[in-house]
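Have a look at the structure below before the remarks.
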There are 2 protein chains.
Amino acid sequence: MKKNDNQEVEAVMPDERAVDSRAEAFVGVRAARRNELAEDYVELIAELIYAKGEARPVDIATKMGVTAPTVAKTLDRLAREGLITRAKYRSVFLTEEGRALAKECRHRHEIVLRFLLSLGLDLETAERDAEGIEHHVSDRTLALFAAFADGSRVDRRNLMGEALRSN
Amino acid sequence: MKKNDNQEVEAVMPDERAVDSRAEAFVGVRAARRNELAEDYVELIAELIYAKGEARPVDIATKMGVTAPTVAKTLDRLAREGLITRAKYRSVFLTEEGRALAKECRHRHEIVLRFLLSLGLDLETAERDAEGIEHHVSDRTLALFAAFADGSRVDRRNLMGEALRSN
DNA sequence: TAGACAAGTTAGCCTTGTCTAACTTTTGAT
DNA sequence: ATCAAAAGTTAGACAAGGCTAACTTGTCTA
């Protein structure tokens, strides 16, 4: 492939490190994407059970914004993967593994949400963004988010205190 | 569907607002997910062109961690969607629309990355998380991220200044 | 208790994203 | 100028996630 045909790229100016250190990230991100839907389902099922005592496919469909057959197919997959149990024409239940996953997802979601809110975001937007972001936050970042959300007020006080003391 | 079969949900405790206000988010998130791959490709293509003068399928494949035929099929789709142009056995080029998208993605990526770094995250992790997060950040949140990243030092100074003045 | 209606399922189709295997074109070194 | 290796393409398989249409089961009310 000859290096002819050059193209102007005025608009886009990545810095040096970009091309190489970003490369490996893609693989990991795509891996994360594969589990997103399962996590969303499991989390939603847990919420429905908590809120209504059961998780019915029709409610899952409504909340997820998809049709009933889509839900059925996805639930079959989740059952195959051991996250839920189901019987024909009945509600869905989480296995131990499913509950563990739901709990973990809930935890991440809570932290991301609190973090966004503590940053000054409105609830609507925070809720929506948290839904998308929560699946892509490493443990390290999550810890930082948690610390920030919990500590932002305290930090300010500390900072002011220090400023006062140090003068 | 009778409301029998109840299940213990000790582990998972969503608060009241959760079930309803989170619902609508899913639809939006799924919409965002559809464009992620296209955005990743376009951004990568822009970077390759910038860094090497051209974007070859083989490099895209390496960076994305997939095989050549996968890249070929995806590039066909991007071409169909008007984001790139390509000729058989040649490198790939961005259309105006593709360049615009790449620029926008780059911009988001930069902000998210700077934000994560300013939060104290190491470069590796920040890079990886930014890759996943950037597609799920609303304009509102992005603005907040940008302000935080740019202003965290300034804020501290202001805060200290205020603390001093107000006493 | 009988049906009507709501909920759930099944079948079949489409698109995307992934792969391997096999083939063709381009490039570059001798 | 030739030809081997690298790059690119095509064909075909498969799973996931989505849909509509048509059928079955459960529930609840008259």
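Residue numbers start from 1 in every chain, and the chains themselves are labelled A, B, ... in the order their sequence lines are given, proteins ahead of strands.
Shown for residues 29-39 of chain B: residues whose heavy atoms fall under 4.0 angstrom of DNA chain C, namely B:L37.
Contacts classified as ring-ring contact (aromatic ring centres under 6.0 Å, His included) and involving residues 117-139 of chain B (residues at least two apart or in different chains) are given here: A:H136-B:H136. For residues 62-87 of chain A, no pair satisfies ring-ring contact (aromatic ring centres under 6.0 Å, His included), with sequence neighbours left out.
B:R114 is linked by a salt bridge (charged side-chain N to carboxylate O under 4.0 Å, His left out) to B:D150, counting only residues two or more places apart in sequence or in another chain. Contacts of A:Y41 classified as ring pair (Phe, Tyr, Trp, His ring centres under 6.0 Å), with partners at least two apart in sequence or in another chain: none. With sequence neighbours left out, A:D122 forms a side chain to side chain contact (heavy atoms under 4.5 Å, CB included) with A:E124, A:T125, B:R140. Residues meeting the side-chain hydrogen bond (donor to acceptor under 3.5 Å, both in side chains) test with A:N35, sequence neighbours left out: none. Applying the salt bridge (charged side-chain N to carboxylate O under 4.0 Å, His left out) rule to B:R33 yields the partners A:E36, A:D40; only residues at least two apart in sequence or on another chain are considered. A search for salt bridge (charged side-chain N to carboxylate O under 4.0 Å, His left out) contacts involving A:E97 returns nothing, not counting sequence neighbours.
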Let me have the donor-acceptor pairs involving side chains of residues 64-74 of chain B, under 3.5 Å, with sequence neighbours excluded, atom names and distances please.
| residue | atom | partner | partner atom | Å |
| --- | --- | --- | --- | --- |
| B:T67 | OG1 | B:T70 | OG1 | 3.2 |
| B:T74 | OG1 | B:T70 | O | 3.0 |

Check your understanding: How is the base pairing of DNA chain D summarised as a dot-bracket string, given the Watson-Crick and G-U wobble criteria with both distances under 3.5 Å, [ ] for crossing and | for another strand?
Key -> ||||||||||||||||||||||||||||||

With the criterion being N/O to N/O and under 3.5 Å, what pairs connect the protein with nucleotides 10-12 of chain C, and how long is each?
| residue | atom | partner | partner atom | Å |
| --- | --- | --- | --- | --- |
| C:dT10 | OP1 | A:K88 | NZ | 3.0 |

